[in-house]
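Chain A is the first sequence line, chain B the second, and so forth, proteins listed ahead of strands; every chain is numbered from 1.
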Amino acid sequence: MAEEFERRSPGDRKSPAKPVHVGRRTVLGVLALAGIGIAAGAKIDKALGSSISSVSNAIGVPLPGDDAFRFYTVTGSYPVIPADTFELTVDGMVHEPLRLRLADLRSMRRTQLVHQFQCVTGWVVPDVHWEGVLLSDVLERAGVTPKATALRFFSADGVYTESLTLSQAQLPDILVADKMLGTNVTADHGGPVRLYVAPMYGYKSIKWLNRIEVTNEVVPGYWEDNGYPVNAWIGGVAQVNVVP
Amino acid sequence: MINTAGRSAGGHGSTPGSSLPVGELKRFDLVERLVHWSMAIMMLTLIVTGAILYLPILALHIGHRGLIENIHVITGLCLLGPLVLGLAGPWRKQLLMDLRRFDRWGASDFDWFRTVARRKGLARDKFNGGQKIEAAFLGAAMVAALVTGVIMRFAPSSWITWATGATLVHDALFFGILAAVLAHVAFALSRPDQLISMFNGRISRSWAKTHAAAWLSELERSEPAAASSADGPAGGSSP
């Protein structure tokens with residue numbers, strides 16, 4: 001193949017050389033690069049993510065392979081809720097329905113995690129710092145009634161919903177988070193309070209959380225109605241991330 | 001031997017001598033134009049919805065992620081449909097031949113790249129080297145975007161490592177495709193005669209004499225009567 005190129009040296013230009021299949025080579029080259037990218041992308045992401053991120057932060061445009069969050073909202077905008085008026089309702093099959101303000105959450109037992117945020121479509125942000133109250137602590141305070149089996153989560157945007165089983169909710173790495181990335185959860189990240197479900201894909205970590213309803217059936221949430229699995233274990237298998 | 005003569009002339013089914021205005025050549029047949037414009041509309045949709053999904057400022061302020069994602073995914077699954085349909089029947093003749101032109105490079109295509117910087121890039125084939133490389137890149141990029149997009153959206157959740165790689169590639173393709181399409185549109189807008197030919201299929205003989213002389217000779221060889229019946233200085237050059 002290479003000699004076809006060489007035959008095309010300037011001195012040879014006048015003779016009607018055999019056509020060179022540049023188009024085919026271009027196609028194969030692009031497809032080969034794509035194949036390498038698919039196979040090695042996760043490793044490239046891990047190795048180069050932070051350097052790519054410094055470039056993408058500098059230019060203000062997300063770049064392939066960076067460690068930045070992608071921002072999702074399922075409505076035309078997103079709710080901006082003042083911290084001092086925020087309330088999280090816990091109701092349904094509980095002994096004592098709760099209305100927790102931010103100060104209430106801050107006065108409860110605090111839990112911190114450092115763990116990735118993994119989106120089901122593939123992007124991942126490594127080593128995110130999360131802080132808040134364990135979901136199981138919130139449920140314990142409300143007192144779940146014996147027949148309850150599931151939870152529904154509601155977002156202040158009015159559309160986004162999520163679900164967990166009650167046994168999943170007992171895991172030690174599911175947070176009602178009011179801090180992430182070392183600061184209060186910002187409105188674009190779903191603040192003032194969002195869920196963080198470490199062992200599951202990102203869509204489970206509902207943003208702008210304002211209500212937890214304890215029920216006796218799993219009602220699929222927004223993304224689950226859109227075709228994503230209800231059991232969103234990362235990698236397809238249940239796991240618990242023990243955090244020091 | 002860049003192409004066997006006789007298939008490009010007159011395009012698809014019609015007799016060019018009778019249906020074409022004097023001094024005009026058939027550049028794109030109806031099948032090619034339908035394939036081009038249906039894919040163009042879908043590509044525009046994909047770029048706009050892709051930008052909304054990808055760029056944080058748009059993702060946050062336009063939002064509606066579920067809807068936008070569905071539009072993007074469905075459009076992406078359909079994107080190559082017109083091309084497949086265009087190649088699926090006896091109407092494919094000219095489309096297939098023009099795709100072959102993208103692949104086969106002769107000396108003039110390499111020369112075009114050498115001279116284009118001096119604003120003298122004169123091509124001899126129907127398409128110049130830049131058009132050929134762009135077509136090949138976009139064709140491959142569309143296939144790669146389809147494969148990576150399907151992995152991102154439909155792969156089982158245990159394939160997350162592949163999905164991460166697919167996301168990397170898909171994001172990179174966003175920039176590559178955007179650049180290629182912007183360049184394509186900018187060149188088209190700055191060359192109205194070529195842009196119009198993608199609407200009505202026709203281009204002037206004088207354009208072909210300057211920019212695609214080898215293609216013009218092919219036409220003349222294959223249909224001497226048709227090609228030379230159009231008047232003009234080139235008329236006498238048929239063999």
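Residue Ala59(B) comes nearest to Phe71(A) through the heavy atom pair CB-O, 3.0 Å, listed as atom of the first residue, atom of the second, then distance. Between Gly227(A) and Arg153(B), the shortest heavy-atom contact is CA-NH2, 4.1 Å. Across every non-hydrogen atom of Ala144(B) and Ala34(A), the tightest pair is CB-CB, 3.8 Å. Here the closest non-hydrogen pair linking Ala163(B) and Val120(A) is CB-O, 4.2 Å. Looking at every heavy atom in both residues, Thr161(B) comes nearest to Ala42(A) through CG2-CB, 3.5 Å.
Checking side-chain atoms of Tyr78(A) against main-chain N and O of Gly63(B) turns up no donor-acceptor pair under 3.5 Å.
Residues Glu69(B) and Trp223(A) are in side-chain contact: their nearest non-hydrogen atoms beyond the backbone lie under 4.5 Å apart. Thr164(B) has its side chain within reach of Gln118(A): a pair of non-hydrogen atoms, C-beta onward, lies under 4.5 Å apart. With contacts defined as side-chain heavy-atom distances shorter than 4.5 Å, the pair Arg65(B)/Asn226(A) does not qualify. At least one side-chain heavy atom of Val22(A) sits under 4.5 Å from a side-chain heavy atom of Phe110(B).
To the nearest 0.5 Å, atoms CH2 (Trp123(A)) and CE (Met152(B)) are separated by 11.0 Å. Note that the OG atom of Ser77(A) and the CD1 atom of Ile62(B) stand 11.0 Å from one another [nearest 0.5 Å]. Considering CD1 of Ile234(A) and CD1 of Ile160(B), their distance stands at 7.5 Å, rounded to 0.5 Å. The line from CZ of Arg70(A) to OG1 of Thr167(B) is 8.0 Å long, rounded to the nearest 0.5 Å. Between the CD1 atom in Ile68(B) and the OG1 atom in Thr73(A) there is a gap of 11.5 Å [rounded to 0.5 Å]. Here the straight-line distance linking atom CG of Leu168(B) with atom CD1 of Ile52(A) works out to 7.0 Å at 0.5 Å rounding.
Proximity to chain B (any heavy atom under 4.5 Å) is restricted, for Ile44(A), to the side chain, taken from C-beta onward. In this structure, the portion of Asp45(A) lying under 4.5 Å from any heavy atom of chain B is its side chain and not its backbone. At a 4.5 Å heavy-atom cutoff, Val159(A) makes no contact with chain B through either its backbone or its side chain.
Remark: Trp233(A) CH2 is packed, more than 12 non-hydrogen atoms of other residues, nucleotides or ligands lying under 6.0 Å away. Around atom CZ of Phe69(A), more than 12 heavy atoms belonging to other residues, nucleotides or ligands sit under 6.0 Å away. No more than 12 heavy atoms of other residues, nucleotides or ligands lie within 6.0 Å of CD1 in Ile57(B), so this atom counts as exposed by the packing criterion.
Counting heavy-atom pairs closer than 4.5 Å to chain B, the top-ranked of the candidates Val124(A), Asp66(A), Leu63(A) is Leu63(A). The residue among Gly35(A), Pro64(A), Gly41(A) with the most heavy atom pairs within less than 4.5 Å of chain B is Pro64(A). Taking chain B as the reference chain and counting heavy-atom pairs below 4.5 Å, the highest number among Gly65(A), Gly37(A), Gly236(A), Gly76(A) is found for Gly76(A). Of the listed residues (Asp188(A), Ile36(A), Val27(A), Thr75(A)), the one with the most heavy-atom contacts under 4.5 Å to chain B is Thr75(A).
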